[in-house]
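The block underneath contains the structure these notes are about, expressed in structure tokens.
Just so it is clear, the structure is predicted and the values come from calculations on it, not from any experiment. Proteins come first, then strands; the chains are lettered A, B, ... in the order of their sequence lines, and each starts at number 1.
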2 protein chains.
Amino acid sequence: MIVRQAANVLEIMEFFAQAKKPATLAEIADHFGWPRSSTFNLLATLSEKGYLYEPRPRAGFYPTPRWLAMARMISEVEPLPPWTHTLVADLSAETGETASIVAPAGVMAVFIDVVESKAAIRYFATIGHRVPIHATASGRALLLQYSQEERDSVYRKIEFKQYGPSTPISIEAVEAELRNSIARGYCQSFGDYSRDLAGAAIPLPIGDRRLSVVVAGPEFRIGPKVADVAALIARTVERLRPKTTAA
Amino acid sequence: MIVRQAANVLEIMEFFAQAKKPATLAEIADHFGWPRSSTFNLLATLSEKGYLYEPRPRAGFYPTPRWLAMARMISEVEPLPPWTHTLVADLSAETGETASIVAPAGVMAVFIDVVESKAAIRYFATIGHRVPIHATASGRALLLQYSQEERDSVYRKIEFKQYGPSTPISIEAVEAELRNSIARGYCQSFGDYSRDLAGAAIPLPIGDRRLSVVVAGPEFRIGPKVADVAALIARTVERLRPKTTAA
DNA sequence: GGAAACTGTACATATATGTGAATTTTAATG
DNA sequence: CATTAAAATTCACATATATGTACAGTTTCC
């Protein structure tokens, strides 16, 4: 069950992140098509908790810096090492495509760092974006780091859907693709989940965290050079990852 | 009316900001005393929206960097000029008390930047903290920047409560205190709102934004030297605020 | 200066939603 | 490996809550 008012809080914040200016109750209500009374209650709640204020008289509401303060506290814990951002930045620059760091979230994979392609036609993804773990290059690069038991446990929760012609729709199909990936040296996907979208990914374990790096873009651009892209990812990781004597 | 599930989202985030480590469904449910089923729904909603993930298998949930990304987008709009943070930092350092920048939010005043005192006994405030605009030094320093009509409009919405012996409990009492503040050259409060708490504040208009700076602490420490503290605030603002040729 | 238009607020009620109990899945222990 | 304990998940129902309606306050425009 989805908790509507919880989702609405997020929507409001996303609204402000886009609008980048204060908005009145009426504007917000109209934007979402919410009743004014409900909007009133929500805004009152957020204000009361110190997350919204009125920068200038009669100009409407805007989030307080409390969001930033809180987000900072949360994110200063085990932040990704700085080189991983360099990694995706470099990969995006060199390939001209969108590059991301991805982490597991149950049957899904979440983008936790993203540098977007600058091309007009590009893979549009943002931090927080989620994709099925079994039907994407990045997700499978995560699965490769799981034990067989852990994978089985994930498989049991997956609802296998035919997102596209090449979507693996059985446990065996996923396992087969994982074996192929190992043989090939990298994970790939050609519209397994999103139409026309192709990507190359490799596992990126950091400490005890299981992450992956992926470069993704339109099939017609990535397709011909997946292997090259994958090799580039591997080389770039090799170059940027600090050498530990322990390893 | 308070929107419970909206408030719960904020509570969860605050929980993570404090805990600074992943937490399982059960831990969160127990911490708040929520039913597990409800907690499940909430966590599922936040996960589905890309705001929570599972950093490692079976280790529980943690917020994704999406919060940070969103908070940054929101806060990069008209950020406070950097010198205002220096201002509160310097004031806190020199006085040993808590110093803050405050903004209006209807009948309340919100702290939008805070540097806390390091003393054991201190005014504990965080960004987002709210106090009544008419019963605090910082709030009155905001009211001083309003026109008479705007003040009247605010007064009509205030519920006058006797927070402490010196709380102004009528419009006339507030107006009188404002007149005193003008004569005195700064705003002050001695337990008007919080017992044992005293503070000195002055208006801090920035562009068309109406803000104020306040230094606050226990009455016994601040009391004897309010005037000095107020003078220090004024001098520090004078020193740090960039001189505009236009002004 | 008067009225129309708009924004924000209160409240009773129907309904969407949170919850307790039951079920399934996963981990721990001998 | 069998058994127990704990955690996660599902679901039907009573209840807390979102909303339609009505109203008050504020601004704008003629």
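If you measure from atom CG of B:Asn8 to atom P of C:dT17, you get 15 Å, rounded to the nearest angstrom. What separates CZ of B:Arg4 from C1' of C:dT17 is a distance of 11 Å, to the nearest Å.
Between B:Phe61 and B:Phe16, the gap from one ring centroid to the other reaches at least 6.0 Å. Aromatic ring centroids of B:Tyr53 and B:Tyr62 lie 6.0 Å or more apart.
Regarding contacts with the backbone of C:dT17, every side-chain N or O of B:Gln5 stays at 4.0 angstrom or more from both OP1 and OP2. Applying the 4.0 Å criterion to OP1 and OP2 of C:dT7, one finds that A:Arg36 has a side-chain N or O inside that range. Between A:Ser153 and C:dT26 there is a side-chain N or O to OP1 or OP2 distance below 4.0 Å. Regarding contacts with the backbone of C:dT19, a side-chain N or O of B:Ser38 is found under 4.0 angstrom from either OP1 or OP2.
Classified by interplanar angle (parallel below 30°, tilted 30° to 60°, perpendicular above 60°), the ring pair B:His134/B:Phe160 is perpendicular.
Map B:Trp34 and A:Glu27 each onto its nearest nucleotide of DNA chain C; the residue landing nearer the 5' end is A:Glu27.
Of the candidates D:dT19, C:dG20, C:dG18, the closest approach to any side-chain atom of B:Pro35 belongs to C:dG20. Proximity note for B:Arg156 (side chain, C-beta onward) versus D:dA8, D:dT26, D:dC11: the nearest is D:dT26. Among D:dT10, C:dG8, D:dA8, the nucleotide with an atom closest to any side-chain atom of A:Phe40 is C:dG8.
Nucleic acid contact class of A:Thr24 (heavy atoms, under 4.0 Å, all strands): sugar-phosphate only.
For the residue pair B:Glu150/B:Ser147, the side-chain donor-acceptor check at 3.5 Å is satisfied.
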